[in-house]
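Order of the sequence lines sets the chain letters (A, B, ...), proteins ahead of strands, with each chain counted from 1.
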There are 2 protein chains.
Amino acid sequence: MGCMTMSSAKINAAIDNLKQAGVRITPQRHAILEHLIQSMSHPTADEIYKALEGKFPNMSVATVYNNLRVFKEAGLVKELTYGDSSSRFDCVTTDHYHIICDSCGKIVDFHYPGLDEVESLAESVTGFDVGRHRMEIYGVCPDCKRKH
Amino acid sequence: MGCMTMSSAKINAAIDNLKQAGVRITPQRHAILEHLIQSMSHPTADEIYKALEGKFPNMSVATVYNNLRVFKEAGLVKELTYGDSSSRFDCVTTDHYHIICDSCGKIVDFHYPGLDEVESLAESVTGFDVGRHRMEIYGVCPDCKRKH
DNA sequence: AGACTAATTATAACGATTATAAAGTAAGAA
DNA sequence: TTCTTACTTTATAATCGTTATAATTAGTCT
């Protein structure tokens with residue numbers, strides 16, 4: 001089973017999901033979704049826009065933003081907001097955290113068993129109803145370490 | 001020992017810190033620092049700007065941004081970047097996390113014993129040299145719960 | 001006081017994102 | 001099929017937070 005096949009399956013699942021939510025699958029939407037699923041990175045809206053301008057020379061940035069919002073609302077995509085200027089977008093598959101390189105900006109997925117106890121402690125201490133949490137870890141990636 | 005006294009002590013400590021780093025204490029810097037320390041919230045640059053325009057009618061927004069950067073570089077202030085449009089600024093006292101109300105945006109400090117094991121697991125799994133991490137918890141605050 | 005450096009101000013520029021309006025495209029009913 | 005309607009894309013302008021620039025002001029040092 002090659003990579004292509006796995007991506008295709010994911011894309012088809014995502015498209016079925018959208019269709020059931022009553023969202024039309026336009027060529028632009030298909031391409032944005034495909035790019036998000038196939039690229040292992042966590043691209044910005046502008047990176048998606050530039051990656052697809054070969055295939056869609058007339059596509060507007062607004063289309064990218066609009067459809068990322070559509071995908072977010074359908075629960076297919078998460079928006080990642082770090083300190084830097086622009087948001088990154090990540091296909092929702094399984095829950096995971098991110099570790100980010102301070103030197104080159106690379107983002108790597110990383111799994112960690114649930115921090116439920118943090119949430120429950122927060123609930124009891126603050127009186128909030130806790131819904132979710134986010135965590136990022138920062139450091140220097142192996143590639144950047146080597147370059148020193 | 002009143003609140004005023006504690007705030008004053010913190011401000012004096014911060015000012016000593018800056019002086020030792022060779023930073024001049026201008027009236028604007030004093031006021032921005034004072035506002036950051038005394039306000040229990042985590043204000044945006046614009047909120048600070050507006051809060052001080054009574055005292056400093058001619059102060060420029062650039063002054064607020066410049067000095068927040070100076071304070072950050074001195075290690076006195078942390079910049080908090082959440083999903084929303086503008087950064088918030090937090091006086092560094094002791095390490096803590098934040099819990100944020102999804103409904104009204106209120107930010108409450110909350111302590112939790114170190115998640116060192118997350119950092120070390122991340123190191124061994126990804127090969128990064130880990131330096132730090134951030135975590136935020138999201139939910140609905142008691143005030144907003146009551147209003148339903 | 002005079003000279004040098006740093007800080008503030010006013011303003012313009014920038015970049016990411018969103019809003020608007022016009023034109024295009026698909027889907028369903030007659 | 002054709003009409004109608006709603007949705008989508010496009011091009012463009014607007015918005016907003018933040019940063020850069022240049023001129024002015026204020027401190028500091030001798």
Side-chain angles (χ1 to χ4, degrees), chain A residues 14-15 18-36 42-74 76-90 105, chain B residues 14-15 18-36 42-74 76-90 105:
Chain A
I15 286 174
L18 287 171
K19 277 184 181 165
Q20 279 193 325
V23 176
R24 282 189 203 157
I25 307 304
T26 65
Q28 291 91 336
R29 280 183 181 158
H30 192 284
I32 295 170
L33 207 50
E34 191 178 32
H35 184 263
L36 267 170
H42 304 72
T44 63
D46 196 60
E47 283 166 359
I48 297 170
Y49 174 65
K50 287 197 164 56
L52 299 180
E53 72 180 355
K55 229 182 272 182
F56 296 89
N58 296 322
M59 185 167 66
S60 163
V61 249
T63 300
V64 177
Y65 280 102
N66 286 341
N67 290 326
L68 287 171
R69 181 164 30 77
V70 169
F71 298 158
K72 259 171 58 185
E73 285 165 2
L76 288 174
V77 164
K78 260 191 190 166
E79 185 173 357
L80 311 175
T81 56
Y82 304 133
D84 55 349
S85 47
S86 49
S87 289
R88 300 188 160 274
F89 295 87
D90 188 17
Chain B
I15 286 173
L18 288 171
K19 278 183 180 165
Q20 277 193 327
V23 176
R24 282 190 203 156
I25 307 305
T26 65
Q28 292 90 335
R29 281 183 180 160
H30 193 285
I32 294 169
L33 208 49
E34 191 177 32
H35 185 263
L36 266 170
H42 303 73
T44 63
D46 197 60
E47 282 167 2
I48 298 171
Y49 174 65
K50 286 198 165 54
L52 299 180
E53 71 181 355
K55 230 182 270 184
F56 297 89
N58 295 322
M59 186 167 65
S60 162
V61 248
T63 299
V64 177
Y65 280 103
N66 287 340
N67 290 328
L68 287 171
R69 182 165 28 79
V70 169
F71 299 158
K72 257 171 61 183
E73 285 165 0
L76 288 173
V77 163
K78 260 192 191 166
E79 185 173 357
L80 312 176
T81 55
Y82 303 134
D84 55 347
S85 47
S86 50
S87 289
R88 301 187 159 276
F89 295 88
D90 187 18

Per the salt bridge (charged side-chain N to carboxylate O under 4.0 Å, His left out) rule, what does the pair list look like for residues 62-73 of chain A, sequence neighbours excluded? A:K72-A:E79
Closest-nucleotide mapping onto DNA chain C: is B:V23 or B:P57 further toward the 5' terminus? I mean the 5' end. B:V23
For nucleotides 13-30 of chain D, read 5' to 3', which letter fits each nucleotide if B means a protein heavy atom sits under 4.0 Å from the base, S means only the sugar-phosphate is that close, and - means neither? ----SSBB------SS--
Steps toward side-chain contact (heavy atoms from CB on, under 4.5 Å) verdict (B:L18, B:L33): CA-CA 11 Å; B:L18 288 171; B:L33 208 49; 3.7 Å; yes
With rounding to the nearest 0.5 Å, note down the distance linking CG in A:D90 to NZ in A:K78. 7.5 Å
Distance (rounded to the nearest 0.5 Å) between B:N67 CG and B:L76 CG: 12.0 Å
On DNA chain C, does the nearest nucleotide to B:N58 precede the nearest nucleotide to B:G22 from the 5' side, or the other way round? Give the residue. B:G22
Could you tell me the separation between the CD atom of A:E53 and the P atom of D:dT10, rounded to a whole number of Å? 13 Å
When we call it a touch if two heavy atoms are under 4.0 Å apart, what does A:T26 touch: a base, just sugar-phosphate, or nothing? sugar-phosphate
Taking C-beta and beyond as the side chain, do A:L68 and A:I48 meet within less than 4.5 Å on heavy atoms? yes
Report the distance from atom CZ of B:R29 to atom CG of B:N66, rounding to the nearest 0.5 Å. 8.5 Å
State, yes or no, whether a side-chain contact exists between A:F71 and A:I32 at a heavy-atom distance under 4.5 Å. yes
Report the end-to-end axis angle of the helix from C:dA1-D:dT30 to C:dA30-D:dT1; each axis comes from five terminal pairs, and the value is rounded to 10°. 20°
To the nearest 0.5 Å, how far apart are CD in B:E34 and NZ in B:K55? 5.0 Å
Any residue meeting side chain to side chain contact (heavy atoms under 4.5 Å, CB included) with A:T44, in chain and number order, not counting sequence neighbours: A:D46, A:E47, A:S86, A:R88
Covered region of DNA chain C, 5' end to 3' end, by chain A [heavy atoms, under 4.0 Å]: C:dA16 to C:dA19
Under the side-chain hydrogen bond (donor to acceptor under 3.5 Å, both in side chains) test, residues paired with A:Y65 that sit two or more places apart: none
